[in-house]
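Protein chains get the first letters and strands the later ones, always in sequence-line order, with residue 1 at the start of each. Below, each value reflects all heavy atoms present in this structure, side chains not excepted, and no hydrogens, waters or symmetry copies.
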Amino acid sequence: MKIEGRAWRFGDNIDTDVIIPARFLNTSDEKELAKGCFADLRPEFSKEAKKGDIIVAGKNFGCGSSREHAPVAIKACGISLIIAKSFARIFYRNAFNIGLPLLECEDAERIEEGDRLRVDLLKGEIINLDKEEKYYARPIPEFMMKIIEAGGLVNYVKSKK
Amino acid sequence: MGMTITEKILAIHSGRDRVSPGEIIQVKVDLALANDITAPLAIKVFEELGKKEVFDKERIVLVPDHFVPNKDIPSAQQVKFVRDFAKRYGIKNFFELGDVGIEHVLLPEKGLISPGDLIIGADSHTCTYGALGAFSTGVGSTDLGVIMATGETWLRVPETIKVIFNGSLKRWVYGKDLILYLLKEIGTEGAIYKAIEFAGSTIKELSMADRFTMANMAVECGAKNGIFEPDEKTRDYVKKAGAKEGIYLSSDPDAEYEKVIEIDASRIDPQVACPHSPDNVVSVNEIGNVKIDQAFIGSCTNGRIEDLRIASQVIKGKKVADGVRLIVIPSTPKIYKEAIEEGIISTFLDAGAVIGPPCCGPCLGGHMGILAEGEIAVSTTNRNFKGRMGHPESKVYLANPAVVAASAIAGRIISPEEL
Ligand code: SF4
């Protein structure tokens, strides 16, 4: 699976309250949730993120609550992948479950806002087209890859029947 | 090689003799939980799977507790959606106003949790039940929707970090201070994907309320679960709650730990987590002059009767400082009633507090005490992320109920010693 997109840069410990503040949680409609994505931290995000764009962040991305609204909102904004140094565990499950892949990469900090990236998910290879650099992410566990290939946990469970 | 208590529970629920850290296993779930925010998404997932029935009508618990009493039309719609689902599928444990409280206080109180159980909830603080020697962890809505259909889920067996607290606690120091102190030591990512096992002489002496508070905040360390070896205190609690007896497991002497952390608890003072992270912790004596606009006593961390007793003891006969709003929310109707009977509610009212109905309230900035721009709150809750309790430019400090009560009276964050 290959992904190409522009980087949106975030820092460490981006928590779920920042990804989608509680005042937006009175719905589960993904278009509505997209409007609240990073509403306080980066109000321009939900309007300017383009289909295929990639979020790049530091450690412990998605810490905090179990609200699946967080990855749902990010995906509904068009984001195709999140690259971070590490992820909080519930966020990690949730993102794969809804078909949003994540990559853990120590070199994430070398990527800057706006860099164009080409990513090979299977190989865990990230090419920074602007910087002409290559980084390697930890390979996605086989089980998670199956979920992504099926398009999320629901399809995966259905396909097993 | 022996096993930890967490590994033993996971082995039992995966039908195996033993499991090891790092393995991905399929487990049977004893209880599945969702709330008014997470249930609607889970229900949609369940319906997409096209099953005619839930895996077990008695083993699903739906607790609308976040935005209730419904704060606006969309929240009312969400609860209605959950209520209709509960009716349609005959789900027994659906709790509504009058009977509802904060999920993580309510479930143990209603006798739904026993030692050795495996509980999965679509709420990150599901880890609270580790206090009873159960394995419990939070997931998102899709995982929960699948569990409602199949009664099973996959888990990665976590490595365990053992945290040993020894020594007797100083006055005004509680479970909250121990877990905040640990957060200061290891940070919010100190236990990512891991189990935290609490042990030591301090832990043996702790009340169930304090154990719940500590297990509750295991997730703030990034942990998958926090767990206590069940003992006579557990047995008393479970029996009073009317739960089934459960299984009393303990870690083998030769169990393997990823790390063992020893802490001298006798030296710990009341702790305060400063904005905007639960690991930004200092001792209350080092906090300086922090004026507050609001004080909140409640939540799944510290809204139990023991917490209200401590706070009312500090407040009795005194008045909340001018310009400070003190909000108290008993976590469940049972706690509310006990607080009335013990005169605790009168004490709070006389001091100038306002009492809210059992719900999450301002803990997550939902309703009943939202902060304005620039305002500062001290709170017994578990998270102080930017904007957690309202305006993105407001601030939240986390502390134990005695510190919050004393601060409400002083108008700034202080130790109860100073009153
Ligand atoms: S009280 Fe706060 S932390 Fe606990 S379940 Fe409610 S919102 Fe979550």
Side-chain angles (χ1 to χ4, degrees), chain A residues 12-30 32-33 39-41 43 58-72 85-99 104 141-144 147 152-158 160-161, chain B residues 24 36-38 40-42 44-45 48-50 66-67 71-78 81 121-126 137-146 149-150 154 156 158 187-189 192-194 219-220 222-224 276-277 364-366 370 383 385-388 390-393:
Chain A
D12 289 337
N13 296 310
I14 297 294
D15 62 76
T16 49
D17 284 84
V18 160
I19 298 172
I20 183 135
R23 62 180 186 276
F24 296 99
L25 298 182
N26 53 12
T27 176
S28 53
D29 180 88
E30 55 180 64
E32 286 301 311
L33 291 173
D40 298 326
L41 188 67
K59 58 183 188 180
N60 207 15
F61 187 90
C63 59
S65 89
S66 69
R67 59 186 76 158
E68 199 162 301
H69 313 66
V72 167
K85 278 186 133 174
S86 64
F87 292 92
R89 63 159 282 276
I90 303 180
F91 185 90
Y92 187 84
R93 281 183 87 108
N94 287 348
F96 279 97
N97 283 347
I98 62 157
E104 288 184 314
E142 204 187 310
F143 183 70
M144 308 313 279
I147 293 177
L153 186 67
V154 172
N155 291 335
Y156 174 75
V157 172
K158 273 188 183 167
K160 282 211 315 188
K161 273 194 288 195
Chain B
I24 289 185
D36 46 334
I37 295 179
T38 57
L41 267 177
K44 285 182 193 168
V45 166
E48 247 184 89
L49 289 168
H66 280 61
F67 297 155
K71 69 162 178 154
D72 54 17
I73 295 169
S75 332
Q77 292 290 117
Q78 287 200 135
F81 183 70
D123 189 277
S124 58
H125 292 104
T126 303
T137 193
V139 295
S141 296
T142 298
D143 274 317
L144 202 90
V146 170
T150 63
W154 64 270
R156 179 185 169 281
T188 50
E189 52 153 35
I192 274 195
Y193 304 123
K194 310 271 163 30
V219 66
E220 266 57 70
K224 178 174 224 148
H276 293 286
S277 180
L364 84 162
I370 305 298
R383 287 189 180 137
F385 300 143
K386 209 165 193 282
R388 171 81 176 173
H391 197 281
E393 297 307 323

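For the pair A:Asp29 (side chain) and A:Glu32 (backbone), a donor-acceptor distance under 3.5 Å is present. Looking at A:Lys85, its side chain never comes within 3.5 Å of a backbone N or O of A:Asp12 through a donor-acceptor pair. The backbone N or O of B:Gly138 lies less than 3.5 Å from a partner atom in the side chain of A:Arg89, making a donor-acceptor pair. A:Ser28 places no side-chain N or O within donor-acceptor distance of the main-chain N or O of B:Leu41, the cut-off being under 3.5 Å.
Contacts with chain A were tallied for B:Thr126, B:Thr38, B:Asp123; B:Asp123 has the most, counting heavy-atom pairs under 4.5 Å. Ranked by heavy-atom pairs under 4.5 Å with chain A, the first of B:Ala42, B:Pro74, B:Gly121 is B:Pro74. Ranked by heavy-atom pairs shorter than 4.5 Å toward chain B, the options A:Asp17, A:Asn13, A:Thr16, A:Ile98 are led by A:Asp17. Contact count against chain A (heavy-atom pairs under 4.5 Å) is highest for B:Lys224 among B:Glu48, B:Lys224, B:His125. Between chain A and the options B:Thr137, B:Val139, B:Asp143, the largest number of non-hydrogen pairs under 4.5 Å is found for B:Asp143. Counting heavy-atom pairs under 4.5 Å between each of B:Val45, B:Ile370, B:Thr188 and chain A puts B:Thr188 at the top. Between chain A and the options B:Trp154, B:Phe67, B:Phe385, heavy-atom pairs under 4.5 Å are most frequent for B:Trp154.
Both the backbone and the side chain of A:Ser65 come within contact range of chain B, with heavy atoms under 4.5 Å apart. B:Val146 touches chain A through its side chain: at least one heavy atom from C-beta onward sits under 4.5 Å away, while N, CA, C and O do not. When heavy atoms are compared at a cutoff of 4.5 Å, B:Gln78 approaches chain A solely by way of its side chain, counted from C-beta outward. Heavy-atom distances place no part of A:Phe91 under 4.5 Å from chain B, backbone and side chain included. Of the two parts of B:Arg383, only the side chain, counted from C-beta on, holds a non-hydrogen atom closer than 4.5 Å to a non-hydrogen atom of chain A. The contact between B:Ile192 and chain A is made entirely by side chain atoms (from C-beta outward), counting heavy-atom distances below 4.5 Å. Interface residue B:Tyr193: backbone and side-chain heavy atoms are both found under 4.5 Å from chain A.
Sparse packing is recorded around CD of A:Glu30, with 12 or fewer heavy atoms of other residues, nucleotides or ligands lying under 6.0 Å away.
Taking the six-membered ring where tryptophan is involved, the planes of A:Tyr92 and A:Phe87 are tilted, since the angle between them lies from 30° to 60°.
Side-chain contact annotation: B:Asp72 with B:Ser75, donor-acceptor N/O pair under 3.5 Å present.
Between the CG atom in A:Asp40 and the CD1 atom in A:Ile20 there is a gap of 10.5 Å [rounded to 0.5 Å].
When the side-chain hydrogen bond (donor to acceptor under 3.5 Å, both in side chains) test is applied to A:Glu68, the partners found at least two apart in sequence or on another chain are B:Thr142.
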